[in-house]
Amino acid sequence: MNASDDHQDGLEPRVGPEPEGEPFFHPYHHPAAGWGAAKSVTRVLMRERALVDGPRAIMRMNHENDGFDCPGCAWPDDTKGLHLDICENGIKHVTWEMTPKRVGRDFFAAHSVTELYGWSDYALEDQGRLTEPMVYDPESDHYVPISWHDAFELVGRTLRELDSPHQASFYTSGRLGNEATFLYQLMARELGTNNLPDCSNMCHEASGRALDASLGTGKGTVDLKDWETTDALFIMGVNAASNAPRMLTALAEAYHRGAQIVHINPLVEAAATRTIVPHDFTDMALFKTTRTSTLNLQPRIGGDMALMRGVAKAVLEQAKTDPKALDKEFVDRHTSGFDEYRALCEDTSWDEIERQSGVDRDEILKTARAYRDADRTIVSWCLGVSQHEHGVDTVREIINLLLLRGNLGREGAGPSPVRGHSNVQGNRTCGIDHRPTEDFLERLAGICKIDPPHAHGLDTVGTIEAMHRGDVKVFVGMGGNFALAAPDTPYTYEALRKCDLTVQVSTKLNRSHLVHGRRALILPCLGRTEKDHQRHGIQSTSVEDSMSMVHLSLGMKRPASRHLLSEPAIISGMARAALPNSRTPWEWYIEDYDRIRDTMAQVLDGFEDFNRRVRLPLGFRIKQPARELVFLTPSGRAEFSSAPLPDVVPAPGTLALGTMRSHDQWNTTIYSDNDRYRGIKNLRTLVFMNKDDMRERGIAEFDPVDITSTAKDGSHRHLNGFLAIPYDIPRGCAAGYMPEMNVLLAICDYSAQSDQPLMKHVKVTIAPAT
Ligand SMILES: Nc1nc2c(c(=O)[nH]1)N[C@H]1C(S)=C(S)[C@@H](COP(=O)(O)OP(=O)(O)OC[C@H]3O[C@@H](n4cnc5c(=O)[nH]c(N)nc54)[C@H](O)[C@@H]3O)O[C@H]1N2
Ligand SMILES: Nc1nc2c(c(=O)[nH]1)N[C@H]1C(S)=C(S)[C@@H](COP(=O)(O)OP(=O)(O)OC[C@H]3O[C@@H](n4cnc5c(=O)[nH]c(N)nc54)[C@H](O)[C@@H]3O)O[C@H]1N2
Ligand SMILES: [Mo]
């Protein structure tokens, strides 16, 4: 235990609420959504005492440019705009923000930071909305009120006094609207740094890099219409029923249409069985279920690339006798690197494919048949694919497969990553990028009259390491909960505590307020559901969904407190204080967000005529060159990749552990200790294991176990006393919840391809607790 490479222990204090009863596990056999979801919604509305406001707000959510965008996931709004397109978890999310509970100065006077640190993360957020700016007072160990003016001055002075702007880092969580995003990156770049880490660095960085390399665009190319017309859907590494519940509707519709729906996931998640379409009132009343899959494959964790290679190999073998298996014309006209890829597929043996994917050849051939028989195919994926050492290669392998049959640039076909936070895609589009292109910088310089830095900045992992070394001294978090979301919790805590100043712009109290720098600010902001009054009237902000649709979001509720400022206003305040000689009209921008949009229209690709187009009934779609078969790659064509298969088979005695979300959780926000679709109640500190792996280790259901991870640098980390749950998961694989398991993730364990932490592939040993 005391060896120097041994890092201690679990997350203390607990993350979730006090359990309401004994831990319970019974495999879930009901359809996804439906009445279980409706019941759970009512419970949340009641707990938040929002039975009146909640439903009213929900009726205004995701409506054509009149109402606010669901602050939950990034699944697009229904283009038909006819029915209420909402989901259980979206409702929970909105209600959580609209709670009538408040955290005011009295609260902070009553509780020291040391005391609050001992509270669970659930309890912290459950106190309600933050109401006024607070500053940490080291004398008393309390947060005390500070005026907005003094808060901005503290930020400004600290930034001005740095030896170099690179000593500051500006994090974005994917909730931030486009206008605030643009101002935020402008402030950082005017200060002189590209240190713009964001939650994407932990999420879809791999997807963006792969799509860029293969297709010359960092995003998916399909929209909901394509989902409505496709013949085959491949759903990889996403727990849709919990994390993108509105996808259930698309799956049910596809099934009715007779489309193939292939789920690829080590766990058979609820979305891979059947659903009751939540907004279909007859289905609800009649308990009518719809199947949502035609085939389920359970690869080993990390086995997706080998699986895709296998499907491609089968398609190419078939093409020898059946020319229609391959779209030769598309391949010849639009792609490069095909011959090399074909040779690679031929050279990869079925033995290796089976071993690395964990799926047997028959199943792969069945999958290949489904793919080949479909005229139009969409492949959709999320974190199960991206958060791996070989995430970039895996996404590129997905694209290879799509290219073989020309599944690009036509209706009903293409790649469709499921993004996470509601505006994480918009953040990147609007300039949050630690590796900005020269093109973008040039336009920013020209239009905004600043001299932006050209050197790449720090991403999430880079920022943590730099804070730890003392090279970054100021951390600003625009939303999110960096301390808890990031890997290697104790290391990240140390890093944040070494800062001179930490600034968190937040709606609710969270761990990142309590793990802070020598000086610390909590700056409370308006939520997306709230009215944003500025000089020229009520302002709306825009967001971009997973499918590149940009539309307006307009808050409708009275703000949680009259001291709150909007995120654009907070950024503007910090910028004015930090850049006293700035020529950027920071205050003028805030009077009317149309002015920000006018500037954005000139700087950002695809935002021409922004103010008019964003007010169209459903907003507008950002042009996707790859969708028009225009490839902004070096060859001007879509590029096949030819990467060798990585070895993902765990060494004897070890397991590959994936960390994921429960149903009742939104990243670091925990609603309850339940995970309904996986049949779990009152338990978060668990590990799902294959029953044979358990038996081999002498572990029975609910037995406490000790989990030890081994990092790339050989160091070990531990989580003790987690309860083992026998689950339908391939041998050699295990799974459990973030953020509790983030202590197992070493800071050095990030992908060489994407710099993404390896959140789905932690090397662990699991043994009965000692
Ligand atoms: N309600 C709710 N909605 C959310 C969120 C939330 O916390 N709560 N978070 C939002 C955010 S920021 C994001 S990024 C998304 C995340 O959405 P998801 O990607 O669904 O997130 P996870 O819970 O991490 O689930 C990962 C899924 O991948 C599977 N998996 C694990 N390893 C592998 C593998 O090697 N291969 C394959 N094929 N599958 C694997 C797991 O079994 C699980 O089903 O959801 C967004 N939406
Ligand atoms: N082990 C492991 N770790 C992971 C992951 C994993 O799969 N496994 N997933 C990673 C992923 S995909 C992501 S996206 C990150 C999530 O990382 P973050 O985005 O940093 O974390 P969240 O939990 O979404 O942030 C919640 C906080 O956001 C604040 N907030 C809510 N609404 C608003 C708003 O409108 N404005 C502002 N300013 N603040 C607001 C509230 O104060 C709340 O406490 O976690 C990552 N961490
Ligand atoms: Mo995410």
Side-chain angles (χ1 to χ4, degrees), residues 71-75 87-90 92-93 96-97 121 124-125 130 171-177 180 198-204 235-240 242-245 263-269 271-272 297-304 307 381-388 394 418-422 424 460 477-487 504-513 523-530 567 570 648 656 658-669 671 688 729 733 735 737-742 744-745 756-757 759-762:
C73 73
W75 187 256
C87 78
E88 172 196 356
N89 277 346
K92 278 195 257 179
H93 214 64
W96 194 250
E97 177 174 303
D121 295 285
L124 294 174
E125 285 215 20
L130 296 159
Y171 175 70
T172 312
S173 159
R175 188 72 66 83
L176 197 65
D198 69 348
C199 66
S200 231
N201 300 148
M202 301 185 263
C203 199
H204 270 295
I235 310 293
M236 303 178 68
V238 55
N239 174 17
S242 298
N243 295 336
H263 292 266
I264 298 174
N265 197 316
L267 310 184
V268 179
E269 302 281 25
L297 299 179
Q298 288 179 267
R300 69 166 79 253
I301 286 185
D304 302 82
L307 179 57
W381 70 91
C382 199
L383 302 184
V385 169
S386 62
Q387 290 177 329
H388 287 275
T394 306
V418 180
R419 304 300 304 257
H421 268 296
S422 58
V424 61
T460 292
M478 277 309 284
N481 187 358
F482 191 82
L484 209 55
Q504 302 289 349
V505 180
S506 317
T507 52
K508 289 214 172 177
L509 186 62
N510 68 37
R511 189 65 50 192
S512 300
H513 304 131
L523 303 181
C525 65
L526 293 173
R528 198 178 281 172
T529 54
E530 291 166 332
E567 284 159 329
I570 293 173
V648 296
T659 61
M660 58 190 186
R661 292 144 182 79
S662 78
H663 182 67
D664 265 2
Q665 142 176 23
W666 222 96
N667 298 335
T668 66
T669 299
Y671 303 116
F688 295 110
I729 186 172
C733 301
Y737 302 131
M738 62 85 82
E740 281 89 341
M741 285 189 161
N742 290 27
L744 292 172
L745 284 154
Q756 255 189 264
M759 290 165 164
K760 293 289 181 278
H761 204 277
V762 191

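First listed ligand is number 1; within each ligand, the first listed atom is number 1. Just so you know, these numbers use all the heavy atoms, side chains as well, and skip hydrogens, waters and symmetry mates.
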K760 side, atom NZ; L383 side, atom CG - distance, nearest 0.5 Å: 4.5 Å
A483 and S512 have their tightest heavy-atom pair at N-OG, 2.9 Å
Test item, A244 contacting ligand 1 (heavy atom, 4.0 angstrom): no
How are the rings of Y171 and F482 set relative to one another: parallel (under 30°), tilted (30 to 60°) or perpendicular (over 60°)? perpendicular
What atoms in ligand 1 come closer than 4.0 Å to a heavy atom of L267? 42 (O)
side-chain hydrogen bond (donor to acceptor under 3.5 Å, both in side chains) with H421: which of D198, N667, T172? N667
As an exercise, state the distance from CD1 of I264 to CG of L297, rounded to the nearest 0.5 Å. 5.0 Å
May I ask you to check if ligand 1 and N265 share an N or O to N or O distance below 3.5 Å? yes
Near G302 (heavy-atom distance under 4.0 Å), the atoms of ligand 1 are 34 (C), 35 (O)
Measuring from non-hydrogen atoms of D304 to any atom of ligand 1, is the shortest distance under 4.0 Å? yes
Any N/O pair H663/ligand 1 closer than 3.5 Å: no
Contacting atoms of ligand 1, where contact means under 4.0 angstrom from a heavy atom of H388: 34 (C), 35 (O)
Side chain or backbone of P245 under 4.0 Å from ligand 1, or both, or neither, by non-hydrogen atoms? neither
Do you know which two heavy atoms are closest between N742 and A486, and how far apart they sit? ND2-O, 3.1 Å
So, is I301 polar-close to ligand 1, with some N/O to N/O distance under 3.5 Å? no
Quick check: closest heavy atoms across Q756 and C203, and the distance to 0.1 Å? NE2-O, 3.0 Å
I'd like the contact residues of ligand 2, where contact means a heavy atom below 4.0 Å. E125, Y171, S173, R175, C199, M202, C203, L383, Q387, H421, G479, G480, N481, A485, V505, S506, T507, K508, N510, C525, E567, T659, R661, W666, N667, T668, M738, N742, L745, M759, K760
What pairs with E125 under salt bridge (Lys or Arg N to Asp or Glu O under 4.0 Å), at least two apart in sequence or on another chain? none
Check side chain to side chain donor-acceptor pair (under 3.5 Å) between R511 and all other residues, then give those that pass, not counting sequence neighbours. D121
Suppose we screen for salt bridge (Lys or Arg N to Asp or Glu O under 4.0 Å). Which residues come up paired with R175, at least two apart in sequence or across chains? E97
Under a 4.0 angstrom heavy-atom cut-off, which atoms of ligand 1 come close to I264? 38 (N)
So if I count the atoms of ligand 1 from 1 in the order they appear, which ones are less than 4.0 Å from some heavy atom of E269? 41 (C), 42 (O), 43 (C), 44 (O)
